[in-house]
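Numbering starts at 1 and runs along the sequence shown.
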Amino acid sequence: MSVPRLLVVEDDLALQRVIQAQIAQMGVQVSVAGEVPEALEILRKDLHDLVISDLNLPGLSGLELLKTVRAEYPDTTVILMTAFGTVETAVEAMKNGAYDYLTKPLHPYELRLLVNRVLERRRLLEEVRSLRETIDNKFGFDSMLGHSKALLRVLDSAAYVAGTDATVLILGETGTGKELLAKAIHVNSARRDRPFVVINCGAIPRELLESELFGHVRGAFTGALTHKKGKVEMADGGTVFLDEIGEMPLELQVRLLRLVQEREIEKVGSAHQIKVDVRIIAATNRNLEQLIKEGRFREDLYYRLAVVPLTLPALRERMEDISELVVHFFERSKERLGKSHLKLPSSMLSYFQNHDWPGNVRELENTLSRIVVLCRGDQVMPSDLPVFLHGASSYLEPEKLILPENGLSLEALERSVILAALRRFNGNQTNAARHLSISRKVLMNRMAKYRIRKSEVQALTSDLSPQSLPITAEEGGLSSPPHKSVRKQASSS
C-alpha cells in the first residue's frame with residue numbers, strides 16, 4: 001500500500017494552508033485546489049484516496065464535485081465541509097455519497113480523527129480485497145498439484161508447520177512453486193486474514209531495497225519528502241515472504257537478522273526501533289551453504305531462517321506428476337484463452353513425460369499455454385508441439401523403429417545409443433544424459449555397466465566436426481545388427 005494521497009479543495013487560502021499542514025503531519029501526501037475545475041484536473045492526473053472539499057466554492061459547488069467524483073472515481077472517498085451545518089445539507093451530502101461532513105470552524109483533532117478513520121477503513125478494504133483474491137486463486141495446499149511421494153512429503157511437513165509461527169526456508173530450483181507453497185502456508189495459518197507481502201530481494205534495485213523493506217522518514221535522503229512505511233511494516237500481523245533471499249546484499253543481512261531475531265525494524269534515517277508482528281518465510285534457488293563459504297551470506301542469518309527447511313523437488317524428480325499437471329494446465333489455458341473446444345489426446349502425454357523440464361512446473365505451464373495459443377485445429381497434434389518435445393518422444397513411437405530380421409542384443413543396443421549420445425555431445429555426460437532423459441548418475445552407472453571408457457569416447461569424438469550431431473537409426477543400432485565386437489563386449493560385461 002503506497003503513501004495515502006489527499007486533495008483539499010478550499011478557496012480560503014489561509015484555511016487551505018492550515019488543513020494542509022495538519023494532514024501532512026500524518027504522513028499523508030496532500031494536494032490543494034481553490035475551485036472545482038482545478039480539483040478535477042488534479043484528479044485526472046493522479047488518483048487520490050480522499051477529497052476534503054468546501055461545500056460553498058466559487059462557480060461549481062462542492063456538491064457538484066462530490067457527484068463527479070462518485071461517478072468517475074468511485075474508489076475515492078469524499079468529505080464535505082460547511083459553515084452552515086444544517087441537517088438538510090448533511091442529509092443531501094450523504095445521499096449523494098459523501099462519507100461524512102465537517103462543520104466550520106474546523107477543530108484540528110476532529111479533522112485528523114476523521115481522516116484517520118477514512119484511511120483505516122480503506123486499509124481494511126484493501127486487506128479484504130487481497131484476502132478474496134487469495135481465496136479465489138485457491139492458494140491452499142490443494143493448489144500444489146501432484147501425488148508423487150517426493151511432493152507429498154514436502155506438503156505434509158508444510159501443512160504441519162503452517163499452524164505454527166516458525167520461520168520457514170523454502171529451497172528449490174526456479175519454477176518449482178516456492179511462492180505458491182509460501183502462500184499455501186500463509187492461507188493455512190492463523191494469520192490468513194492479515195496481509196501476505198512478497199519482497200523479491202533480487203528484483204528491487206540494491207540502493208532502494210532497504211527503504212522498500214523497512215521504510216524511511218522524511219528527509220532521510222534526497223527525494224524522501226514524506227514518511228514512508230516499508231513492506232515489512234505493511235505486513236504487520238501477517239506474513240513476509242522474502243523471495244530470492246540469496247540475492248540480498250551482505251550489508252542488509254544484519255538488518256534482516258534483527259528483524260528475524262527481535263521482530264524489530266528501524267526506518268532509514270531514524271534511530272528508533274519499531275516492533276512488528278510478522279511471520280518470516282524465505283525462499284531461494286541458490287545454495288546458501290556455498291554462499292556462506294564464499295563469504296556472501298551470513299551464517300547466523302541462515303540458521304535463523306532455516307528453522308524449518310522445506311525442499312521442493314524438481315519436476316524431473318517427480319515425473320509421475322507430469323500427466324496430471326499437463327491436463328490441469330491445458331484445461332486452464334483453454335478456459336483463459338477462450339478455446340474450450342480444443343482437445344488433447346491421451347496419446348500426446350508421452351511427449352511431455354520424456355522431457356526433463358529444466359524450468360520445472362513454470363516451464364511446463366508456459367509450454368501448454370503456447371500450444372493452446374498456436375494450435376489451429378480442434379485437436380492438438382504432434383505438429384503443434386515445440387521442437388524440443390519431439391526430440392524427447394522420438395524413441396517412443398514403435399512404428400518408426402525398424403528391427404533387423406536376424407535379431408539384436410538389447411544391451412548392445414543400449415550401449416550403442418549411449419555411445420551415439422556421447423559422440424553427439426562431444427563427450428559431455430550432462431548433455432548426453434539430458435538428451436536420453438536420464439540423470440547423469442544413471443548415465444555413469446550405464447557406462448560402468450557396459451565398460452564404456454573415457455578413451456573410447458575420446459576416440460569417437462576426436463575427429464568430429466560441429467555438424468556431426470544427429471543420432472541416426474544406424475548409430476542407435478535400429479536398422480542393422482550391432483557390430484560383432486560390440487555384441488561380444490556387451491555380453492562379456
Side-chain angles (χ1 to χ4, degrees), residues 1-133 218 225-229 234:
M1 195 173 179
S2 57
V3 175
R5 296 174 66 89
L6 183 149
L7 172 61
V8 177
V9 188
E10 171 61 62
D11 60 325
D12 183 334
L13 295 181
L15 181 56
Q16 186 185 97
R17 285 193 291 269
V18 169
I19 297 174
Q20 185 178 15
Q22 289 290 329
I23 303 299
Q25 292 176 7
M26 302 168 62
V28 177
Q29 187 172 334
V30 183
S31 306
V32 294
E35 55 186 7
V36 172
E38 184 184 0
L40 292 176
E41 186 63 29
I42 292 173
L43 289 173
R44 288 188 190 100
K45 292 179 181 178
D46 293 298
L47 288 175
H48 284 63
D49 302 292
L50 173 62
V51 173
I52 298 179
S53 174
D54 192 3
L55 188 63
N56 295 291
L57 294 166
L60 296 174
S61 69
L63 202 57
E64 292 298 323
L65 175 62
L66 167 64
K67 293 176 182 178
T68 304
V69 171
R70 296 305 300 153
E72 296 183 14
Y73 311 101
D75 289 337
T76 299
T77 304
V78 179
I79 295 173
L80 290 178
M81 301 180 291
T82 175
F84 306 100
T86 63
V87 174
E88 292 79 12
T89 303
V91 169
E92 186 177 3
M94 302 296 273
K95 280 183 178 179
N96 283 278
Y99 176 76
D100 209 334
Y101 74 102
L102 291 163
T103 56
K104 297 179 180 179
L106 298 181
H107 192 290
Y109 174 78
E110 292 179 350
L111 173 65
R112 291 195 298 269
L113 188 66
L114 185 53
V115 171
N116 260 328
R117 194 162 72 232
V118 170
L119 296 180
E120 178 65 15
R121 173 177 171 269
R122 291 185 65 83
R123 185 184 68 79
L124 291 173
L125 289 174
E126 284 294 325
E127 289 179 5
V128 169
R129 186 180 297 136
S130 174
L131 181 62
R132 284 175 179 164
E133 289 175 357
R218 183 179 179 180
L225 303 178
T226 62
H227 295 287
K228 176 187 173 182
K229 279 187 176 182
M234 291 179 193

Engineer: Can any side-chain N or O of D49 pair as donor or acceptor with the backbone N or O of R5 at less than 3.5 Å?
Structural biologist: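 Present.
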Engineer: Side-chain contact, heavy-atom cut-off 4.5 Å: Q20 with V8?
Structural biologist: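 Of all side-chain heavy-atom pairs linking V8 with Q20, none is under 4.5 Å.
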Engineer: Just so I know, are the side chains of L43 and V51 near enough to count as touching, which here means a heavy-atom distance under 4.5 Å?
Structural biologist: yes
Engineer: Within a strict 4.5 Å, meaning less than it, do heavy atoms of the E64 and V36 side chains meet?
Structural biologist: no
Engineer: Return yes if some donor-acceptor pair links the side-chain N/O of R70 with the main-chain N/O of T76 below 3.5 Å, else return no.
Structural biologist: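 A pair under 3.5 Å: yes.
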Engineer: Locate the shortest heavy-atom distance separating G62 from S53; write the atom from each residue and the value.
Structural biologist: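 Scanning both residues, the minimum pair turns out to be CA-OG, 3.9 Å.
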Engineer: Using a strict cut-off of less than 4.0 Å between a Lys/Arg side-chain nitrogen and an Asp/Glu carboxylate oxygen, indicate whether R44 and E41 qualify as a salt bridge.
Structural biologist: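 A salt bridge links R44 with E41.
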Engineer: Should R123 and E120 be marked as a salt bridge (charged side-chain N to carboxylate O under 4.0 Å, His left out) after you check the CA-CA gap, both sets of side-chain angles, and the distance that decides it?
Structural biologist: CA-CA 5 Å; R123 185 184 68 79; E120 178 65 15; 2.5 Å; yes
Engineer: What distance do D75 atom CG and L50 atom CG have between them, rounded to the nearest 0.5 Å?
Structural biologist: 13.0 Å
Engineer: Between E72 and L40, is any pair of side-chain heavy atoms under 4.5 Å apart?
Structural biologist: no
Engineer: Considering all heavy atoms of both residues, which atom of M26 and which atom of Q22 are nearest to each other, and what is their separation?
Structural biologist: CG-O, 3.9 Å
Engineer: Would you sort out whether H48 and Y73 count as a side chain to side chain contact (heavy atoms under 4.5 Å, CB included), showing the intermediate values?
Structural biologist: CA-CA 9 Å; H48 284 63; Y73 311 101; over 6 Å; no
Engineer: Under 3.5 Å, side chain of E10 to main-chain N/O of D54, donor-acceptor pair present?
Structural biologist: no
Engineer: Which heavy atom of P4 sits nearest to which heavy atom of G27, and what is that distance?
Structural biologist: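 Minimum heavy-atom separation between P4 and G27: CD-O, 4.3 Å.
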Engineer: Among L111, T103, I19, V9, which one satisfies side-chain contact (heavy atoms from CB on, under 4.5 Å) with M81?
Structural biologist: I19
Engineer: So do the side chains of L66 and L63 get within less than 4.5 Å of each other, counting heavy atoms only?
Structural biologist: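 Answer yes - side chains close enough.
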Engineer: Between L65 and L60, is any pair of side-chain heavy atoms under 4.5 Å apart?
Structural biologist: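 Sidechains of L60 and L65: no contact.
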Engineer: So T77 and R121, do their side chains get closer than 4.5 Å, heavy atoms only?
Structural biologist: yes
Engineer: Find the distance between CG (N56) and OG (S61) and round it off to the nearest 0.5 Å.
Structural biologist: 8.0 Å
Engineer: Please report the C-alpha distance between V28 and L119 in whole Å, then the side-chain angles of each, then the deciding distance to 0.1 Å, and finally whether the side chain to side chain contact (heavy atoms under 4.5 Å, CB included) criterion is met.
Structural biologist: CA-CA 10 Å; V28 177; L119 296 180; 3.8 Å; yes
Engineer: Closest approach of G34 and L57, non-hydrogen atoms and distance?
Structural biologist: O-CD2, 4.0 Å
Engineer: Does any non-hydrogen side-chain atom of N96 lie less than 4.5 Å from one of K67?
Structural biologist: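 Heavy-atom side-chain distance check passes, below 4.5 Å.
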Engineer: Rounded to the nearest 0.5 Å, what separation is found between the CD atom of E110 and the CG atom of D100?
Structural biologist: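 Rounded to the nearest 0.5 Å, the CD-CG separation comes out at 10.5 Å.
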Engineer: Identify the two heavy atoms, one from V32 and one from I42, that lie closest to each other, and give their separation to 0.1 Å.
Structural biologist: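 Smallest interatomic distance, heavy atoms only, reads O-CD1, 3.4 Å.
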